[in-house]
Trainee: 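To start, I am sharing the structure in question, which I have written as structure tokens.
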Amino acid sequence: GAGVSQSPSNKVTEKGKDVELRCDPISGHTALYWYRQSLGQGLEFLIYFQGNSAPDKSGLPSDRFSAERTGGSVSTLTIQRTQQEDSAVYLCASSPQRGADEQFFGPGTRLTVL
Amino acid sequence: GENVEQHPSTLSVQEGDSAVIKCTYSDSASNYFPWYKQELGKRPQLIIDIRSNVGEKKDQRIAVTLNKTAKHFSLHITETQPEDSAVYFCAAKDAGKSTFGDGTTLTVKP
């Protein structure tokens with residue numbers, strides 16, 4: 001079946017602009033994660049959605065970052081007033097259900113802020 | 001919160017040799033420890049995982065060991081091949097989010 005998909009695959013924007021990144025998890029997966037990966041670095045946790053529970057936003061680096069998940073499926077990560085340090089690959093992952101631990105990653109969105 | 005440290009950051013071995021990557025974690029509540037392989041320009045993919053009630057798990061040339069008391073776990077790759085060259089990430093997970101190590105770049109020289 002289809003894996004996790006993300007769009008766009010690449011995004012180039014100017015400093016100060018807002019961007020929206022989209023994640024389509026595997027159908028039926030209830031858990032969804034967003035990570036940021038800077039060049040040559042590890043995966044930095046941003047936010048975690050599990051079913052209808054309140055999301056864990058503890059990893060969001062500033063109030064310019066927000067995410068929502070509509071209908072328990074598609075998620076959008078929004079970065080307002082982008083800064084050059086926001087440049088990174090943004091990865092989304094999903095897991096089948098609470099208690100199922102393996103995360104299936106999407107291909108990522110490479111964001112470049114000029 | 002959880003803190004995961006991974007060593008070494010780079011590792012170079014000859015084809016056929018073994019490779020060992022080590023991680024330590026800080027939160028005793030973490031109970032799931034996966035290892036992901038990320039090839040250049042690609043997404044991370046799970047290669048092996050271990051839960052806190054198990055000390056060792058093996059899958060062909062790959063094995064993971066866990067020492068809960070010392071809060072460390074290791075990835076062992078035997079008979080390395082050039083296609084094993086990639087970045088490897090460990091992670092520690094409790095009931096919710098996962099915390100990842102900074103990654104190890106493994107290079108297997110033919």
Side-chain angles (χ1 to χ4, degrees), chain A residues 2-7 9-10 21 23-26 29-61 67 88-110, chain B residues 1-10 21 23-27 29-54 57 59 64 66 73 75 86-107:
Chain A
V4 178
S5 61
Q6 292 185 244
S7 60
S9 55
N10 282 282
L21 312 180
C23 172
D24 284 83
I26 294 172
H29 280 197
T30 60
L32 186 148
Y33 307 78
W34 282 99
Y35 297 93
R36 178 169 68 177
Q37 186 174 33
S38 300
L39 187 62
Q41 300 298 310
L43 282 72
E44 176 189 3
F45 167 79
L46 297 178
I47 189 168
Y48 159 58
F49 296 89
Q50 174 58 59
N52 295 321
S53 302
D56 178 349
K57 303 179 181 180
S58 60
L60 295 178
V89 174
Y90 289 81
L91 288 161
C92 173
S94 68
S95 290
Q97 60 192 21
R98 183 185 293 277
D101 295 306
E102 180 178 356
Q103 296 182 29
F104 296 82
F105 283 85
T109 293
R110 180 175 298 279
Chain B
E2 176 66 275
N3 180 50
V4 176
E5 294 189 356
Q6 182 172 346
H7 299 280
S9 56
T10 61
I21 303 170
C23 287
T24 61
Y25 62 99
S26 61
D27 189 350
S30 291
N31 55 21
Y32 175 70
F33 307 92
W35 288 88
Y36 288 85
K37 176 182 180 181
Q38 186 175 31
E39 297 177 357
L40 190 63
K42 297 190 176 180
R43 71 191 77 184
Q45 292 198 309
L46 181 73
I47 55 171
I48 196 167
D49 57 14
I50 193 167
R51 299 183 188 281
S52 58
N53 58 348
V54 176
K57 183 176 179 180
D59 183 3
V64 57
L66 170 65
F73 55 111
L75 177 70
V87 179
Y88 292 81
F89 293 97
C90 65
K93 181 176 185 285
D94 56 17
K97 67 185 183 185
S98 295
T99 302
F100 284 77
D102 287 340
T104 297
T105 301
L106 173 65
T107 302

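Each chain gets a letter, A, B and so on, in the order its sequence line appears, and its residues count up from 1.
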Trainee: Answer with side chain, backbone, both or neither: which region of Q45(B) has an atom nearer than 4.5 Å to a non-hydrogen atom of chain A?
Mentor: neither
Trainee: Is it the backbone or the side chain of P34(B) that comes under 4.5 Å from a heavy atom of chain A, or both, or neither?
Mentor: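 When you check distances to chain A, no heavy atom of P34(B) falls under 4.5 Å.
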Trainee: Report yes or no: does Y36(B) contribute a side-chain atom to a donor-acceptor pair with the main-chain N or O of Q103(A) at less than 3.5 Å?
Mentor: yes
Trainee: Where does F45(A) contact chain B at under 4.5 Å (heavy atoms): side chain, backbone, both or neither?
Mentor: side chain
Trainee: Please list, chain by chain and in numerical order, all residues satisfying salt bridge (charged side-chain N to carboxylate O under 4.0 Å, His left out) with K57(B), sequence neighbours excluded.
Mentor: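 In terms of salt bridge (charged side-chain N to carboxylate O under 4.0 Å, His left out), with neighbours along the sequence ignored, K57(B) is linked to D49(B).
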Trainee: Drop me the distance from K97(B)'s NZ to L46(A)'s CG, to the nearest 0.5 angstrom.
Mentor: 10.5 Å
Trainee: Mind checking the OH-NZ spacing from Y33(A) to K93(B)? Nearest 0.5 Å is all I need.
Mentor: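 Rounded to the nearest 0.5 Å, the OH-NZ separation comes to 4.0 Å.
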Trainee: Quick one: of V4(A), L91(A), D56(A), L43(A), who has the most non-hydrogen atom pairs under 4.5 Å with chain B?
Mentor: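 Among the listed options, the one with the most contacts to chain B is L43(A).
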Trainee: Can you list everything that forms a side-chain contact (heavy atoms from CB on, under 4.5 Å) with S9(A)? Sequence neighbours excluded, please.
Mentor: none
Trainee: Might you point out which heavy atoms bring Q37(A) and F89(B) nearest each other, and give the distance in Å?
Mentor: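 Smallest heavy-atom distance, with atoms named: NE2-CZ, 3.3 Å.
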Trainee: Find the distance between OG (S98(B)) and OH (Y48(A)) and round it off to the nearest 0.5 Å.
Mentor: 9.0 Å
Trainee: Just verifying a value: how many Å separate F104(A) CZ and L46(B) CG, rounded to the nearest 0.5 Å?
Mentor: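 F104(A) CZ to L46(B) CG: 8.0 Å, rounded to 0.5 Å.
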Trainee: Can you tell me how far apart OG1 (T99(B)) and CD (E44(A)) are? Round to the nearest 0.5 Å.
Mentor: 11.0 Å
Trainee: Quick check: closest heavy atoms across G106(A) and R43(B), and the distance to 0.1 Å?
Mentor: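 Here G106(A) and R43(B) meet closest at O-CB, 3.2 Å.
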